[in-house]
Number of protein chains: 2
Amino acid sequence: MTNRVNGVKESILEAAREAFSSKSYGDVSMEDIAKIANVKKPLIYYYFPSKSELFKAAWDEAFHKLEDKVFGVSENDGKYVKKAKSLLRSYIDFLRNERQSLRLIEREKNRFYSEKGSSWEHIKKEYDGFVNRVADVLSSEVDSNSSEYARAVADIVGSSALLPDGQMSPDTVELIIIKSLAK
Amino acid sequence: MTNRVNGVKESILEAAREAFSSKSYGDVSMEDIAKIANVKKPLIYYYFPSKSELFKAAWDEAFHKLEDKVFGVSENDGKYVKKAKSLLRSYIDFLRNERQSLRLIEREKNRFYSEKGSSWEHIKKEYDGFVNRVADVLSSEVDSNSSEYARAVADIVGSSALLPDGQMSPDTVELIIIKSLAK
DNA sequence: TCTGACTTTGACCTGTAAGTCAAAAAAATG
DNA sequence: CATTTTTTTGACTTACAGGTCAAAGTCAGA
């Protein structure tokens, strides 16, 4: 149902995020999104120029939420170990509360490595930047190749978002990560 | 190019696996597959009744390769710890050599939880069976909830297959898993 | 070489999804 | 109110993908 607090554009974005997180790009039609947002299809084109731009907007939003959550908490203070653990906790927290967004990110993050066209460069750079920031935090306390390690850790948590609901609890993920870091 | 050692049907399957592992179901067209297999589109329908059946066949093949690899090695003998480690090593080995197949499995395994129709039941059961067998091997030496843990471990390794090539080495994955199991 | 089974394809049909557009409805402005 | 601007939609075009089919090519055996 069209939200009253948010504007119409926001409702559409929200609908897009919902749709793209449960099916992949090619399986989602503009009709689908319109139906979820309780809006007619041409209205989407009033706010967004094309399907791919709408997709990018939805992705961007989900991604920035993740980024805010992760770095909002962990970048303040403290020893490295503490930092790393709090970063991972933020990630796990995000998994708990924003499963939909994380699913979208995980499912589609490979798209911009295969998709060509310079308009994807921006989004790709952002994602790489995120990984690097995670790397910076983790590298100081982990022996192995840091950026690869960071990507792996991000992936470990993220991958659980791809599972059907209720098949792996966030607690299990947490356990595994903490074990990984505990030495 | 159409393979001479394999028959035409095999070439098509191979092409399908390649296509479906780099893009997701809705983004792959029968034309794409035909082009990769160096064959005209209607020929695909001579060997496979529909796109979804072709997809299932490709998935099945990739999945059985994984299953063979993993259980072929680890089910022979030995102590639990040894068993579990060899199982994971098989998995990692598979990741090393059959990145394409694993990518297909990881990217699309959620499909049959959302897709309806009884013809998906079979493939779903097989996947669940696989997870359970992994659980059986791992549960004997791990404290936490075993089946969830098994799924998580399978996922940890599998998820790396979703990364673009060369961004996380199998060694990194191995390191993480061994660390997880080492206690 | 003729015949019949198998394999391959060009041409076509059909449905559906992306995207357009002119006009209607609603809101804002004077 | 009247008019202008913004928002919304029904009806349409266009392109392309899944799927069909009849006919053409290939090849083995009688």
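A, B, ... follow the sequence lines: proteins, then strands. Residue 1 opens every chain. Heavy-atom basis, side chains included; hydrogens, waters and symmetry copies ignored.
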With sequence neighbours left out, what residues match [X] under salt bridge (charged side-chain N to carboxylate O under 4.0 Å, His left out)?
X: B:Glu53; answer: B:Lys56
X: B:Glu18; answer: none
X: A:Lys51; answer: none
X: A:Asp60; answer: none

Quick test of your reading: applying salt bridge (Lys or Arg N to Asp or Glu O under 4.0 Å), list the pairs with at least one residue in residues 32-50 of chain B, sequence neighbours left out, ordered by first then second residue. B:Lys23-B:Asp32

Whole angstrom is fine here: how far is it from [atom1] in [X] over to [atom2] in [N]?
X: B:Glu53; N: D:dG18; atom1: CD; atom2: P; result: 15 Å
X: B:Lys40; N: D:dG19; atom1: NZ; atom2: C1'; result: 18 Å
X: B:Ile12; N: C:dT7; atom1: CD1; atom2: P; result: 11 Å
X: B:Leu43; N: C:dT7; atom1: CG; atom2: P; result: 10 Å
X: B:Leu54; N: D:dG19; atom1: CG; atom2: P; result: 10 Å
X: B:Ile33; N: D:dA17; atom1: CD1; atom2: P; result: 12 Å

Return the set of residues passing ring-ring contact (aromatic ring centres under 6.0 Å, His included) with B:Tyr25 (not counting sequence neighbours), or none when no residue passes. B:Phe20, B:Phe55

Indicate for each nucleotide in nucleotides 14-26 of chain C, in 5' to 3' sequence, whether protein heavy atoms under 4.0 Å reach the base (B), only the sugar-phosphate (S), or nothing (-). ---SBBBB-----

If the condition is side-chain hydrogen bond (donor to acceptor under 3.5 Å, both in side chains), which residues does A:His64 pass it with, not counting sequence neighbours? A:Glu126

Does a side-chain N or O from A:Tyr46 land closer than 4.0 Å to OP1 or OP2 of D:dT8, or not? no

Can you name the atoms? Protein N/O to nucleotides 27-29 of chain D N/O, anything below 3.5 Å, with the distance.
none

Any base atoms under 4.0 Å from A:Tyr47, or only sugar-phosphate, or nothing? Heavy atoms, all strands. sugar-phosphate

Within the distance-only criterion (no hydrogens, no angle test), does the side chain of B:Glu61 pair as donor or acceptor with the backbone N or O of B:Ala58 below 3.5 angstrom? no

